[in-house]
Amino acid sequence: MGIFSGYSGLRVIAEGLTGNKGWKPVWRDPAPKDSYDAIIIGGGGHGLATAFYLAKNHGMTNIAVLEKGYLGSGNIGRNTTIVRANYFLPGNSEFYSHSLKLWEGLEAELNYNVMHSQRGIINLFHSDGQRDAAARRGNAMVNQGDDAVLLDRPRLRRMLPYLDFDNARFPVMGGLYHARGGTARHDAVAWGYARGADMRGVDLIQNCEVTGIDIHAGRVTGVQTTRGPIRAGKVGMVTAGRSGQTAAMAGMRLPVESHVLQAFVTEGLKPAIDHVVTFGMGHFYISQSDKGGLVFGGDIDMYASYAQRGNLPAVEHVMEAGMALMPMIGRARVLRSWGGIMDMTPDGSPIIDKTPIEGLFVDCGWNYGGFKAVPASGWCMAHLMATGESHEVARRFRLNRFETGHLLDEEGTGSQHNLH
Amino acid sequence: MRITCPHCGERDRREFYYSGAEDYLHRPGEGAEPAAWDAYLHLRDNPAGVTRDLWHHSLGCGAWLVVTRNTVTHAVLGVETVEKEQDQ
Ligand SMILES: Cc1cc2nc3c(=O)[nH]c(=O)nc-3n(C[C@H](O)[C@H](O)[C@H](O)COP(=O)(O)OP(=O)(O)OC[C@H]3O[C@@H](n4cnc5c(N)ncnc54)[C@H](O)[C@@H]3O)c2cc1C
Ligand SMILES: [Zn+2]
C-alpha cells in the first residue's frame, strides 16, 4: 500500500497540504448479486471479521455480508470496548488467548487505527475466598501463556488511590492485574474489518434484511432478503442478539435468550482512571475513554428483552455500585445511557458450529463479552465455513454441548440464561 | 416496569425475581430423553414480541407468576399465578 492508497501519518500530512481532496469512501456500496459462494448474515463485528478472514486466510472473495441496517449498527457500536484474555476453563482460555494475540497485531493487519489501548485490567477482590479464586484464575492465565499479577492491598492502593478501600460491606483487599487487557475503539473495529473485506472483493450489502433461509433436502441453497433472493451454498448466521429469529427462519431453536445490557458515559473529564477496573461484588466496571468520558456499566437488566433500552432499577444499581467503590465520581454528570441486546446462553459461553442443515453455520451466544472475541470469532468462523472443520481453539464451542452435558460454565452459575 | 401481582396488586419490578421462559413449567418426566431435558433447560423460542415468562414475587407474597409481556416494548399484558395456570 502506497502513501496515497493506505492510511499513514505521511498520508495525513500530504492530504492536509492538498486540501484533503484525496479521501475516498472507505467501502463500495454494491447491489446484491444473484449468487455468491458464501453469505454472512449480520454486519456486526463478528460478521465483518468472518468475511475478512474468509477472504484473507481462505481466498474466498465471492462472498457477501448482508446487514439489515448499516454496518456497525448493532452491539459492535454499543459496547464498552473491554478487551481481555482472563478466562479459566479449557475451551475458553485458548480461544480468548488467540483473540488477544490477534488484537495485538490488528492495526498493522488492517492498516487501520482501532485505538487498541493495553492499559491493563484490574479485577478487585474483597475476601480471602475471592483472593484464592483470583490466584487460581491468574495461574490458569499464566499457564495459557498470558499475563496475570496478583496485587496486594498496598500495591493496589498505589495504582488506584481513589478506591474506597475500607468500604464497610466490601473492603478492597487486592486485585488481579492483567496488563495486556484494555480497550479499543469499537466502531473502528467494524470499520477496519469492513474496509479490509471490501478491499479483497467482499460485497458489503447494507439495508438488506434476511427474511428467509432457503433449504432443500436438508441443504441450504440461499436466502430471501428485502432486496430479493440470493443464492449461496454456504450461509453463516452471525446476528448476535437476533440469533433466535435468524435460526427460526431455518426451523431451529437455539439455546439462547436475549437480554438487554445498559452502559453509561459521563461528560469529558481530565485523565483520572488509567485502567479498566471491575467490581464484581457490586456489578460495576469502568474505564475512561480517550475523549475523557467515564464509560461504565454493570449487569444485564435480567429479563428477556429486545428493547435496546433498559429500565431504571438497573441504572440505580450501577450508580450505587459506582459510588460505593469510587465516591470521587459522584459529581461527574452522566451524559448518555443506552442498551444493547445480548445473546445469552445457558453456560455463558458462545457457539461457533455447523448446524444440522448442510452448509448452514452459526456463530452466536456471545453474552456480554463478544467484543474482545471479534478477531478470533471471525478467524474461527471463517475456518469452519471454508474447511467444514472446527478450528482447534474453538472446538468446544459446539451447538449440541448442552444436550451432551459438555457445558463451559466459566462462572459456575448454572444453566439459567440470565445468570452469566 | 411494573407488574400486577394477582394477590398484591401493581408493584415495582424490583420486588420480582425473573427466572426465565415458561418452558420451565414443562419439566420432562423421569426417564425422558436427553433431547427433552435440553429443550426444557436450554432451547428457547426467544421471541421479539409477546412472550410468557416466570417471575417470583420474592419481596412480596412469594407467589410464582406467569407474566405475558412484550419483549420489544416492555408492556405487561397479563399476569396469572402458576397455580391457576396449571389448574386450567
Ligand atoms: C452495553 C454493552 C456493553 C458491552 N461491553 C462489552 C465489553 O466491554 N467487552 C466485550 O467483549 N463485549 C462487550 N459487549 C458485548 C459485545 O458488544 C457483543 O457480544 C458483540 O458486539 C456481538 O457481536 P456483533 O458485533 O457481531 O453483534 P452486532 O453488532 O449486534 O451484529 C449483529 C448484526 O446482525 C444484524 N442482523 C440481525 N438480524 C439480521 C437479519 N435478519 N438480516 C440482516 N442482518 C441482521 C444486526 O442489524 C447487527 O448489525 C457489550 C455489549 C453491550 C450492549
Ligand atoms: Zn404478590
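Note on naming: letters A, B, ... go to the chains in the order of the sequence lines (proteins, then strands), and numbering restarts at 1 for each one.
At a 4.5 Å heavy-atom cutoff, the contact between R13(B) and chain A is made by side-chain atoms alone. Heavy atoms of R309(A) lying under 4.5 Å from chain B belong to its backbone as well as its side chain. If you measure heavy-atom distances from D343(A) to chain B, you find no contacts under 4.5 Å at all. Heavy-atom distances place the side chain of E316(A), and not its backbone, under 4.5 Å from chain B. In this structure, the portions of N46(B) lying under 4.5 Å from any heavy atom of chain A include both its backbone and its side chain. Of the two parts of A304(A), the backbone and the side chain both hold a non-hydrogen atom closer than 4.5 Å to a non-hydrogen atom of chain B. With a threshold of 4.5 angstrom between heavy atoms, Q245(A) approaches chain B through side-chain atoms but not through N, CA, C or O.
Atom CD of E33(B) has 12 or fewer neighbouring heavy atoms from other residues, nucleotides or ligands inside a 6.0 Å radius. For E411(A), the CD atom counts as densely surrounded, since its 6.0 Å shell holds more than 12 non-hydrogen atoms of other residues, nucleotides or ligands. Residue-environment remark: NE2 (H7(B)) exceeds the threshold of 12 foreign heavy atoms within 6.0 Å.
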Do Y303(A) and F16(B) pass the side-chain contact (heavy atoms from CB on, under 4.5 Å) test, and can you show the C-alpha distance, the side-chain angles, and the key distance before you say yes or no? CA-CA 11 Å; Y303(A) 50 87; F16(B) 299 86; over 6 Å; no
Are N311(A) and H74(B) close enough, and set up right, to give a side-chain contact (heavy atoms from CB on, under 4.5 Å), and what steps lead you there? CA-CA 9 Å; N311(A) 248 307; H74(B) 291 164; 4.0 Å; yes
Step by step, work out the side-chain contact (heavy atoms from CB on, under 4.5 Å) result for Y24(B) and Q416(A). CA-CA 10 Å; Y24(B) 285 133; Q416(A) 190 173 312; 3.7 Å; yes
Stepwise, does the salt bridge (Lys or Arg N to Asp or Glu O under 4.0 Å) test hold for R253(A) with D23(B)? CA-CA 13 Å; R253(A) 279 176 104 206; D23(B) 302 56; 2.8 Å; yes
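The line from CG of L41(B) to CZ of F402(A) is 11.0 Å long, rounded to the nearest 0.5 Å. From H317(A), atom NE2 reaches atom CZ of R14(B) across 12.0 Å, with rounding to the nearest 0.5 Å. Expressed to the nearest 0.5 Å, how far OH of Y17(B) lies from CE of M302(A) amounts to 8.0 Å. With rounding to the nearest 0.5 angstrom, the CG atom of D45(B) is 10.5 Å from the CD atom of E257(A). The line from OG of S305(A) to CZ of R69(B) is 7.0 Å long, rounded to the nearest 0.5 Å.
Note on ring orientation: taking the six-membered ring where Trp is involved, the planes of H259(A) and Y18(B) are perpendicular (angle over 60°, cut-offs 30° and 60°).
Checked by atom type, the side-chain pair N70(B)/Y306(A) shows no donor-acceptor distance below 3.5 Å.
Side-chain atoms of H42(B) never come within 3.5 Å of backbone atoms of S415(A) as a donor-acceptor pair (strictly under, hydrogens ignored).
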